[in-house]
Amino acid sequence: MLAKNGYLDLEEVLDIPGFPGKETLDRKKCVVIECQQNIPCNPCEAACPHHAITVGEPITNLPVIDKEKCVGCGLCVAKCPGQAIFLVDQSAEDYDTVTLPYEYYPLPEKDQEVYGLSRAGVLLTKATVLRVIMTKANDRTAVVEVKVPKGYGMEVRNISTDGRRIASSDEPEMASKELLAEIDENQMYVCRCEEITKEEVIEAVRNGATSVNEVKRLLRAGMGLCQGRNCAKTIERIIAQELKVSPANVPQATKRGPVRPIKLTNYTSLEIEADEDFFEHDW
């Protein structure tokens, strides 16, 4: 299950509004959105030209599929930031097809035999690539359609081209109680970019910091490559725990654009080509 393993079980997928139903998949290619978390996200809705996907208001709604409007175009597959959108077609008698997002290199080629993986990354079956779509609009996310044996259409959710990046089907070894007892949680990194530990954040709070911004000024937390996207909420909870208040009462970190890395050329429409005679004062 998602809460325990980090991925959805098939039973969970069948029970969400992003699943169009087995009857639909048995008669045509249709989108399957394996999204179970109520997060503010709706690129799939905006990407569908046929209005087959609805998120609506509030933006934290789970996507709902209109199975009659979906034509299986696949424009939504590459747009999902969580890579949770697939096209499934179970209408053929002796095979199924799955269209999925793929962000590894090298890209597979048409007619190539690849490894079909489960939601857990475990090898399920061999698959054959039917087509690969790589467009600039998809921002380096390829859309790959594969043919899989009958019955695997709702099981295969990723591929491996070379037999690598395949999860083991063995049960993972659990850490011993002795090893777990030796772990000092306060020495764990809260801000991985700047290598700041929980202990350092706690010390900053006990020295007077009461907001994420104040911790940031003292320790540089949130000033690394991720710009606080990974650590801000954790720091907020540590502050709340130390001050014995609700996280909602901790002042939020200041958000400044851009919220993701972009090219400097996106900031200007000037057509400037730098050369050895180009200096900043020439602006």
Within a strict 4.5 Å, meaning less than it, do heavy atoms of the L117 and S160 side chains meet? yes
Hey, what do you get for CD1 (I65) to SG (C48), rounding to the nearest 0.5 Å? 8.0 Å
Can you list the steps and then say if D89 with S91 is a side-chain hydrogen bond (donor to acceptor under 3.5 Å, both in side chains)? CA-CA 6 Å; D89 187 353; S91 61; 2.6 Å; yes
Applying side chain to side chain donor-acceptor pair (under 3.5 Å), can you list everything that pairs with K69, at least two apart in sequence or on another chain? none
Check this for me: D15, atom CG, are more than 12 non-hydrogen atoms of other residues, nucleotides or ligands nearer than 6.0 Å? no
When rounded to the nearest 0.5 Å, the distance separating CG of L8 from CD1 of I16 is 6.0 Å
Listing, residues 29-38 side-chain donor-acceptor contacts under 3.5 Å, not counting sequence neighbours, or none:
| unit_1 | atom_1 | unit_2 | atom_2 | d |
| --- | --- | --- | --- | --- |
| K29 | NZ | E145 | OE2 | 2.9 |
| E34 | OE1 | R119 | NE | 2.9 |
| E34 | OE2 | R119 | NH2 | 2.8 |
| E34 | OE2 | R157 | NE | 2.8 |
| E34 | OE2 | R157 | NH2 | 3.2 |
| N38 | ND2 | T60 | O | 3.1 |

Is the count of non-hydrogen atoms from other residues, nucleotides or ligands lying under 6.0 Å from K22 atom NZ greater than 12? no
R192 atom CZ, over 12 foreign heavy atoms within 6.0 Å: no
Once ring pair (Phe, Tyr, Trp, His ring centres under 6.0 Å) is applied, do any residues pair with F86, and if so which ones, sequence neighbours excluded? none
For Y104, ring pair (Phe, Tyr, Trp, His ring centres under 6.0 Å) partners two or more places apart: Y102
What one should report as the nearest heavy-atom pair of L25 and P20 is CD2-CG, 3.8 Å
For residues 234-242, please give each side-chain donor-acceptor pair under 3.5 Å, one per line with the distance, not counting sequence neighbours.
| unit_1 | atom_1 | unit_2 | atom_2 | d |
| --- | --- | --- | --- | --- |
| E236 | OE1 | Q252 | NE2 | 3.0 |
| E242 | OE1 | R206 | NE | 2.9 |
| E242 | OE1 | R206 | NH2 | 3.3 |

Drop me the distance from N42's CG to K79's NZ, to the nearest 0.5 angstrom. 13.0 Å
Give every donor-acceptor pair under 3.5 Å between a side-chain atom in residues 178-187 and any protein atom, sequence neighbours left out.
| unit_1 | atom_1 | unit_2 | atom_2 | d |
| --- | --- | --- | --- | --- |
| D184 | OD1 | N186 | N | 3.1 |
| E185 | OE2 | K198 | NZ | 2.6 |
| Q187 | NE2 | E199 | OE1 | 2.8 |

d(D96 CG, E155 CD) to nearest 0.5 Å is 10.5 Å
